[in-house]
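First comes the structure, then the notes that go with it.
Quick note on labels: first sequence line is chain A, next is B, and so on, each numbered from 1.
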Amino acid sequence: MATLQQLLHDRLAAAFASVAGEPVDPSLRRSQHADFQADAALGLARRLRGNPRQIAADVVGRTRWDDLCAAVEVSGPGFINLTLADDALGALLGAANADDRLGVPLAAEPETVVVDYSAPNVAKEMHVGHLRSTVIGDSVVRLLEWLGHRVIRANHLGDWGTPFGMLIEHLLDLGGAEAAHELSLGDLNTFYQAARAKFDSDEDFKTRARNRVVALQGGDEQTVRLWRLLVQESEKYFLSVYDRLDVRLTGADFFGESAYNDMLPQVLAELDRLGLLRESDGARVVFPAGFTNREGEPLPLIVRKRDGGFGYPATDLAAIRHRLHTLHATRLLYVVGLPQRQHFEMVYEVAREAGWLRPPARAEHVGFGSVLGPDGKVFRTRAGATVKLIDLVDEAVARAAALIEEKNPDLDATERAELARTVGIGAVKYADLSNDRTRDYVFDWDRMLSLEGNTAPYLQYARARIESIFRRGATAPDRSRRTVTVAAPAEHALALHLLAFPEIVAETAESLDLHQLTGYLFRLATLFTSFYEQCPVLRAEDDVRASRLVLCDLTARTLARGLDLLGIGAPRRM
RNA sequence: GCGCCCGUAGCUCAGCGGAUAGAGCAGGGGACUUCUAAUCCCAAGGCCGCAGGUUCGAAUCCUGCCGGGCGCACCA
């Protein structure tokens, strides 16, 4: 099923090609002066040594338009303005109505995509820093899965490294039962900080911790058992947070750093065999091309530390190799904060130099900025501590509950509680996703939970109002209806926007800029409410009523689908 | 010092080669006996950090400044 934009594009491209004698990108875009505009005549004018207006006129005259457009005019210095015919919009809406996927095609060539995201650390609390990675990663996963790709969720759990010496010793000090209790309560900060404090102040403890790391790395049975306990309890806790956040990560998605331990020596050996490995200050490193340090000298990626241990660069190399060679992924996504950009660029470069990362496979750092508090600094509690992710979720739900109580006291307690969850969590996720990923954003409860403006509740409310129309009319959506009458300006504008959904989804899947999708949905909701104010649905008659019901249904489905791709629920009543 | 990101309306942000730069919030003015007013409509609000350059055309691309954030070998 061709999209509206494709139909226009193809026809314009053919007309331009026949005028220019070569392929031309018609440069088609939405316009303020008409529904669409094509700007290619301006750029073509010099090459053809012609007048841009004349070229545009030739293009327009070269093909028929009346089946798609109500008006096609040359305007200004040579823009081609296209106004869609209501009949054409109606027919396309009819096709979308009959399609479960709202006109969005499955990927022609499904890929295997690994999405690396969330990545909390064992025995450490999840905090706002994990919010963006988790929320953005979850949306990326939903989007790519819906498009038919094979998506592997890789939760790169921090479950290995030197801190485990002190954590295990602290666990022993506490006793297994008490430790498990503390951890299962999600009181990870207390646990970690207590261990840290002893490590810093108690020489004896420090020595035990160091020995314990050696025992762990050596595979000492008792130590490994204790380590597993820590990992298991933490995973349980993380899963409860994911559940509260309504995120799709499961226990099967934990791919901890330790999972790559056995591969590290192989990675080292292979890099050596490929001649990429260098000895530097006792460490075994690779110098990827194009990176320099403070002094302008080549910057190394340390594969094996001077002390013989492997650090996170080694793990990342093992992971990228595994994802390419064993999982056969062609798209590797790393949803990790922007400060780690250079590190990942270095890992990718090494992977390219080693011949592991080759087209069509590519790796993308899906970087993101920080969450800031009202003061413009990194978001913290008033006391200056990092904000626990679970506390954030709880507060969002509590605030949403208060709001719902105030706005709609008629709902019964059960529905209200469920709604508070959907609205509260949706607000937090949407506030995150609606900002440009690469920029910092200011966390503001009042704004994200407002029913006005570009917020989740506003979109959810639009959806709920539509459902209310069907309830009030005691009628169900007619998905078999293939023709829709479009007449009023508000209907025309809404129709045009509904038909742009496939393009937006495709662009978002490519750029992974989720705010493109949120912007689209917000615009859809405003166009709908405008239509809602101007065009009575249930009181209209026959064909108009039926057509408007299809517009309502398509809008509701698009909103619900779009929100679902963002990991946000769309209640039928609120 | 080098590298990456960012300076757009009072505030929070879109736009990243095309016509008069758009939203939302806040502030101003209107609209509810009518499908959820948790809404809508109207008006107002801008040396797009500064200076050059490329282009038929620059907020958008290039260069240089100014201002802010982050990163730059054995913590992840």
Among B:G24, B:A73, B:G18, the one nearest A:Q37 by side-chain distance: B:G18
Residue-phosphate contact under 4.0 Å: A:Y520 side-chain N/O, B:G15 OP1/OP2: no
Separation between the P atoms of B:U33 and B:G27, rounded to whole Å: 25 Å
A:R306 side chain near B:C74 phosphate (N/O to OP1/OP2, under 4.0 Å): no
Side chain A:S75 and base B:A19 donor-acceptor under 3.5 Å: yes
Residue-phosphate contact under 4.0 Å: A:R439 side-chain N/O, B:U12 OP1/OP2: no
Proximal nucleotide (of B:C35, B:C13, B:C40) relative to the A:N435 side chain: B:C13
Integer-rounded Å distance: B:C32 P and A:Y532 OH: 16 Å
Pairwise P distance for B:C16 and B:G7, with rounding to whole Å: 13 Å
Sugar-phosphate only, base, or nothing, as touched by A:P339 at under 4.0 Å among non-hydrogen atoms: sugar-phosphate
Test item: A:N261 and A:F310 side chains (from C-beta on) under 4.5 Å apart, heavy atoms: no
Among B:U36, B:A76, B:C40, the one nearest A:N121 by side-chain distance: B:A76
Distance-only donor-acceptor test (3.5 Å): side chain A:Y461, base B:A38: no
Sugar-phosphate only, base, or nothing, as touched by A:D281 at under 4.0 Å among non-hydrogen atoms: base
Upstream residue (5' side of RNA chain B) when A:T438 and A:L299 are each assigned their closest nucleotide: A:T438
Under-4.0 Å side-chain N/O to phosphate OP1/OP2 contact, A:S530 with B:C40: no
Selection from B:U36, B:A76, B:C74 that lies nearest to any side-chain heavy atom of A:R465: B:U36
Touch class at under 4.0 angstrom, heavy-atom based, for A:T162 against every strand present: nothing
Separation between the P atoms of B:C61 and B:A19, rounded to whole Å: 15 Å
Side chain of A:L451 - closest among B:A38, B:C35, B:A73: B:A38
Nearest listed nucleotide, side chain of A:R46, among B:A73, B:C56, B:U36: B:C56
Glycosidic conformation of B:C32, taking syn as within 90° of 0 and anti otherwise: syn
Distance-only donor-acceptor test, A:S450 side-chain atoms vs B:A38 base atoms, 3.5 Å: no
A:T292, nearest nucleotide to its side chain (from B:C13, B:U36, B:C2): B:C2
Integer angstrom distance from the P of B:U54 to that of B:U8: 27 Å
Ring centre gap for A:H33 and A:F79 strictly below 6.0 Å: no
Side-chain H-bond candidate by donor/acceptor type, A:T518 with A:S434, under 3.5 Å: no
Short side-chain N/O contact to B:G22 OP1/OP2 from A:Q32, under 4.0 Å: yes
Ion pair check, A:D39 and A:R29, cut-off under 4.0 Å: yes
Cationic tip of A:R278 above A:F287 ring, under 6.0 Å, 45° of axis: no
Watson-Crick and G-U pairing of RNA chain B written in dot-bracket, each distance under 3.5 angstrom, with | for inter-strand partners: (((((((..((((....[...))))..((((.......))))......(((((..]....))))))))))))....
Centroid separation A:F344 to A:H365 less than 6.0 Å: yes
Distance test, side-chain N/O of A:K407 to OP1/OP2 of B:A37, below 4.0 Å: no
Under 3.5 Å side-chain donor-acceptor pair for A:D432 and A:Y441: yes
Distance, P atom - from B:G45 to B:A9, rounded to whole angstrom: 15 Å
Options B:G15, B:C13, B:G18, nucleotide nearest the side-chain atoms of A:H515: B:G15
Test of ring centre spacing under 6.0 Å for A:F522 and A:Y430: no
Integer angstrom distance from the C1' of B:A58 to that of B:C48: 11 Å
Nearest-nucleotide pick for A:H33, side chain only, options being B:U20, B:C13, B:G18: B:U20
Base of B:A14 paired with side chain of A:D513 (donor-acceptor, under 3.5 Å): no
Near-parallel close stack of A:F522 and B:A23 base (under 5.5 Å, under 30°): no
Distance between C1' atoms of B:G18 and B:G57 (Å, rounded): 6 Å
Aromatic centroids of A:Y260 and A:H156 separated by under 6.0 Å: yes
Any side-chain heavy-atom pair of A:F528 and A:C552 under 4.5 Å: yes
Side chain of A:L42 (C-beta onward), nearest among B:G18, B:C72, B:A76: B:G18
Contact under 4.0 Å: A:R472 side-chain N or O vs B:U36 OP1/OP2: yes
Of A:I469 and A:Q340, the one whose closest RNA chain B nucleotide lies more 5': A:I469
